[in-house]
Protein chains: 2
Amino acid sequence: MASTRGPEAPRDPVSRDRAVRVAVDLADAGGLESLSMRRLAQALGVEAMSLYYHVKNKDDIIDGMVDLVFDEIALPSTDTPWRTAMEDRAHSARAAWARHPWAISLMRSTPGAATLRHLDAVIACLRGAGFSMTLTAHAMSLLDSYVDGFALQEASLPLSEAGDVNTATESFLAQQHMMSGAFPHLAEMAQTHILQPGYAYGDEFAFGLGLILDGIEAAHRGASG
Amino acid sequence: MASTRGPEAPRDPVSRDRAVRVAVDLADAGGLESLSMRRLAQALGVEAMSLYYHVKNKDDIIDGMVDLVFDEIALPSTDTPWRTAMEDRAHSARAAWARHPWAISLMRSTPGAATLRHLDAVIACLRGAGFSMTLTAHAMSLLDSYVDGFALQEASLPLSEAGDVNTATESFLAQQHMMSGAFPHLAEMAQTHILQPGYAYGDEFAFGLGLILDGIEAAHRGASG
DNA sequence: TTTCGTACCTTACACCGTTAGGTACGGCGG
DNA sequence: CCGCCGTACCTAACGGTGTAAGGTACGAAA
């Protein structure tokens, strides 16, 4: 009986970090709208108002959640060419956003330590490869916009399972039977391309990423030799 | 006294379209969190529960709001080269998202008529220019991810006014004085680049868009002649 | 004249984030 | 040993949210 709370509940104490971690689990399991202070407290074995001892308010928790997702993104490695480092980072980021689809629409929150660390490492990588400041800013804006935008599209797909997307799209099309009349090109693309077996929207990511990195590489070569 | 409601309140009747339009105005003015059924009803001169006669629920309103923003995006013109059409469309989309920053994180909603019409027109434009189905899907995923991602980044900036971004960033950096120690590259970029007079994040958009269109054009030429 | 559909209304409920103000308890100085 | 104090939790309550249930005034139609 090490606990002072009696023999029946040897729960460990709440902390901001633990609250944020459990909040991420809740959002992963049931979406962001299933995260309330009361439910989070219950998951921690505590009453709602007790959270405010460890946390400023709900936005504070959400800031922490986003920063925790950022912490899952691999930093660009320092001992590989910049292009490999950026490619790996992009895939790692996409995977992180896909694991936590609720997070992508919360980027408005004030950046935390992991977020800043990540940005800093990316700048260091590109500057270390000889990028000018201007080109570094261009490349970061372009890459991050693409990765985040792709994650946003992916999060808005009907379902996350690759196979279920097809059936969901199909039922959507069937539901809107008039579609082939009102939106013939969209219907054609759905039927002849997206609904084909083996198609997965996630595969589109590599094409755009390669194209963007090609363009950045060309701009870099053109500028620096 | 044409109204049957007495002489003092000649308000016109509520409809789904009018409710959605007023909801967009409310969100534009005070952000998405300032939109509640009660406040929307009040703006329409009606009680909250009366809205449910015209609208299924709040999500129904939000779906309509997003579709209304999509309706503001210019369709790709049919009598210009595909590249010009895509460029104009991208700038129009960015401007629409910038006018309604709350909308970009709501794309998860089920697509409405304007959204589908837009998608259909983009497919028609590219297919008409000789793009294969595969390349059309690639190009759309890439362009939309970039445009939406850029809008998402832009919406998460501290303030929308170009001049205020700098002062906000500056105060942010000053507040985190340790930053130049913990995140030296980020601090350097902020001081030597972003905080320089004349820098506006929105200007980054054109660089990435041009680079992406160059790449798509090269892929198209390589595939079709 | 009765009936009906339209467009609005009031009431009520469960839940939300958060303010205000306790309370049990381990460790500390005296 | 006693009293104090900070830590970590608690209950009660307030104004706000979306919305289910059901009522009401009224023009038009039967």
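Below, chains carry the letters A, B, ... as their sequence lines are ordered, and counting in each starts from 1.
- Spacing between atom CG of B/Leu40 and atom P of D/dG16 amounts to 17 Å, rounded to whole angstrom units.
- Ring pair B/Phe70/B/Trp97 is perpendicular by interplanar angle, where above 60° counts as perpendicular and below 30° as parallel.
- No donor-acceptor distance shorter than 3.5 angstrom exists from the side chain of A/Asp148 to the backbone of A/Ile104, with no hydrogens or angles considered.
- OP1 and OP2 of D/dT7 both lie 4.0 Å or more from every side-chain N or O belonging to A/His54.
- Remark: B/Arg94 qualifies as a cation-pi partner of B/Phe205 under the 6.0 Å distance and 45° angle criteria applied to the six-membered ring.
- The nearest whole Å value for the distance from the CD1 atom in B/Ile61 to the P atom in D/dT17 is 13 Å.
- Between A/Glu33 atom CD and C/dC15 atom C1' the separation is 14 Å, expressed in whole Å.
- Between the P atom of D/dA8 and the CZ atom of A/Arg16 lies a distance of 16 Å, rounded to the nearest Å.
- In this structure, A/Arg39 reaches the C/dC16 phosphate: one of its side-chain N or O atoms is under 4.0 Å from OP1 or OP2.
- OP1 or OP2 of C/dA7 sits under 4.0 Å from a side-chain N or O of B/Tyr53.
- Following rounding to the nearest Å, A/Arg18 (CZ) and D/dA8 (C1') show an atom-to-atom distance of 13 Å.
- A donor atom on one side chain and an acceptor atom on the other are found under 3.5 Å apart for B/His100 and B/Glu72.
- Note: A/Phe207 and B/His138 have parallel aromatic rings, judged against thresholds of 30 and 60 degrees for the angle between ring planes.
- At distances below 3.5 Å, at least one donor-acceptor pair connects side-chain atoms of A/Ser145 with backbone N or O atoms of A/Ser141.
- In this structure, B/Glu47 places its CD atom 15 Å from C1' of D/dA25, rounding to the nearest Å.
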Can you give me the N/O atom pairs linking the protein to nucleotides 18-20 of chain D at distances under 3.5 Å, or say none if there are none?
unit_1: D/dG18; atom_1: OP1; unit_2: B/Met37; atom_2: N; d: 3.4
unit_1: D/dG18; atom_1: OP1; unit_2: B/Lys58; atom_2: NZ; d: 2.7
unit_1: D/dG18; atom_1: OP2; unit_2: B/Met37; atom_2: N; d: 2.9
unit_1: D/dG18; atom_1: N7; unit_2: B/Arg38; atom_2: NH1; d: 2.7
unit_1: D/dG18; atom_1: O6; unit_2: B/Arg38; atom_2: NH2; d: 3.1
unit_1: D/dT19; atom_1: OP2; unit_2: B/Tyr52; atom_2: OH; d: 2.7
unit_1: D/dT19; atom_1: OP2; unit_2: B/Lys58; atom_2: N; d: 3.0
unit_1: D/dT19; atom_1: O5'; unit_2: B/Tyr52; atom_2: OH; d: 3.3

